[in-house]
Amino acid sequence: ATLEALDDEAGLELARDLLGLSGELAQEVAIRSGGSPLFAVQLVGDWIERGLLVPGPQGFELRPGIPTELPDDIHQLWTSWVDRVLGGFEPGARHALELAAALGRQVDDKEWTELCRRCGVPPVEGLVDALAERALAVRRRGGWAFVHGMLRESIERAAQETGRLARNHRACVDFLTSMSASPARLGRHLLEAGDLEQALAPLLAASDQAWLRGDYAQGTQLLARREQAMARLGLPDGDSRWGDGWERRGLLRWRMGDIEGGHELARR
């Protein structure tokens, strides 16, 4: 289920009564969090971890001399945590972490190591352990995972700001092609790299695979992403690739019981 944003009163109550902040600081956190309880909880958790809060007469306050400026959004908060971890490593560790984020939230150790090798990024011993110590990553069998999807998205956004995002995803495409990875993975990386036209065929093949295994929801989602890419490319209505997608979507509609919707796509 999706948690709705808190209203102003509930956001203030969270910061003051549940997180124990003083009135003025609670008000500032409530305003900056924009109704996101996740942002408020993680921000205060960061302050606690760094020992920046002290008891006051009305609740916890920031230590004297600590600036009260808060991050504009949760991206800045995640970035500050990542920067703190990477500060203990060589500069190449940032690129290695970006490549891990490009692979996805779940990272296979062997894939990550090989991708780094292909990109000329040296191994970074202890990076995952350092992330895990700060509760930014969790170990999994044969690999590890980012603790939250928003953390991975934040690293991807930072890579885009430095101009490396498209290059990272094209490296994933080259690597995954060499190991005959699924068309769904290839299509995702091509989209992230901005190679929209090249992504169309893998996304169509991935939707066919989803159809064959009976995963009609995923098949529909893949076709929707393909059509979004085609719209961004400005392909004319007469392009036969539109028809390829409509045909598949019609079949999926029929399978999911939407007979009229399937007929409408067939007529189109």
Side-chain angles (χ1 to χ4, degrees), residues 38-39 42-43 45-46 49-50 71-196 198-199 202-203 206 225:
L38 176 64
F39 180 89
Q42 290 179 331
L43 177 62
D46 178 56
E49 181 182 348
R50 291 191 283 157
D72 287 334
D73 54 30
I74 203 162
H75 165 65
Q76 290 190 9
L77 184 60
W78 286 121
T79 298
S80 69
W81 287 345
V82 170
D83 287 346
R84 222 171 293 153
V85 171
L86 293 177
F89 294 89
E90 296 295 320
R94 184 176 297 277
H95 194 185
L97 189 58
E98 289 176 3
L99 292 172
L103 284 170
R105 184 175 174 187
Q106 305 280 342
V107 183
D108 180 278
D109 280 336
K110 291 181 179 178
E111 288 187 0
W112 185 36
T113 299
E114 177 60 17
L115 182 61
C116 286
R117 186 191 69 78
R118 286 169 173 256
C119 293
V121 178
V124 185
E125 296 294 334
L127 177 57
V128 178
D129 290 336
L131 291 168
E133 286 174 6
R134 287 194 173 268
L136 298 177
V138 290
R139 282 287 187 184
R140 296 279 190 266
R141 185 174 181 180
W144 55 282
F146 291 100
V147 72
H148 200 286
M150 284 193 295
L151 170 58
R152 176 188 163 270
E153 291 169 12
S154 183
I155 295 169
E156 288 269 88
R157 177 173 161 183
Q160 184 174 36
E161 291 169 355
T162 60
R164 278 203 294 250
L165 181 66
R167 189 164 72 246
N168 290 343
H169 281 282
R170 289 192 182 106
C172 289
V173 170
D174 292 341
F175 166 55
L176 293 173
T177 300
S178 71
M179 57 179 286
S180 302
S182 70
R185 291 187 74 184
L186 292 174
R188 179 179 75 81
H189 287 296
L190 285 164
L191 288 178
E192 294 290 346
D195 299 335
L196 304 184
Q198 294 92 320
L203 290 172
R225 297 189 71 184

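- Listed by first and then second residue, the ring-ring contact (aromatic ring centres under 6.0 Å, His included) pairs that reach into residues 155-184 are H169-H189, sequence neighbours excluded.
- Contacts of R185 classified as salt bridge (charged side-chain N to carboxylate O under 4.0 Å, His left out), with partners at least two apart in sequence or in another chain: E111.
- Under the side-chain contact (heavy atoms from CB on, under 4.5 Å) criterion, Q198 pairs with L190, D195, not counting sequence neighbours.
- S80 is listed as a side-chain neighbour of R84, based on a closest heavy-atom distance under 4.5 Å.
- Between the CG atom in N168 and the CD atom in E192 there is a gap of 11.0 Å [rounded to 0.5 Å].
- Heavy atoms only, all atoms of each residue included: L115 and C172 are closest at CD2-SG, 3.7 Å.
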Output a table of donor-acceptor pairs, distance under 3.5 Å, between side-chain atoms of residues 117-131 and any protein atom two or more places apart or on a different chain; print 'none' if there are none.
{"unit_1": "R117", "atom_1": "NE", "unit_2": "E114", "atom_2": "OE1", "d": "3.0"}
{"unit_1": "R117", "atom_1": "NE", "unit_2": "E114", "atom_2": "OE2", "d": "3.4"}
{"unit_1": "R117", "atom_1": "NH2", "unit_2": "E114", "atom_2": "OE2", "d": "2.7"}
{"unit_1": "R118", "atom_1": "NE", "unit_2": "E114", "atom_2": "OE2", "d": "3.0"}
{"unit_1": "R118", "atom_1": "NH2", "unit_2": "S178", "atom_2": "OG", "d": "3.1"}

Problem set entry | From CA spacing to verdict: side chain to side chain contact (heavy atoms under 4.5 Å, CB included), D108, L103 | CA-CA 8 Å; D108 180 278; L103 284 170; over 6 Å; no
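- Among pairs with a residue in residues 135-147, none fulfils side-chain hydrogen bond (donor to acceptor under 3.5 Å, both in side chains), at least two apart in sequence or across chains.
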For this session: Take R105 and L151 through the test side chain to side chain contact (heavy atoms under 4.5 Å, CB included) and record every step on the way to the result.
Result: CA-CA 9 Å; R105 184 175 174 187; L151 170 58; over 6 Å; no
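- The side-chain heavy atoms of F146 and I155, taken from C-beta on, include a pair separated by under 4.5 Å.
- Within the structure, the salt bridge (charged side-chain N to carboxylate O under 4.0 Å, His left out) test picks out the following pairs touching residues 91-102 (sequence neighbours left out): D83-R94, E98-R164.
- P202 approaches L186 most closely through the heavy-atom pair CB-CB, 4.4 Å.
- Between W112 and A96, the shortest heavy-atom contact is NE1-O, 2.8 Å.
- The 12-atom threshold is exceeded at CD of E161, counting heavy atoms of other residues, nucleotides or ligands nearer than 6.0 Å.
- When all heavy atoms of G187 and A199 are compared, the pair lying nearest together is O-CB, 3.9 Å.
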Problem set entry | Full working for side chain to side chain contact (heavy atoms under 4.5 Å, CB included) between L97 and V85 | CA-CA 11 Å; L97 189 58; V85 171; over 6 Å; no
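- Here the closest heavy-atom approach between residue A102 and residue R152 is recorded as O-NH2, 4.2 Å.
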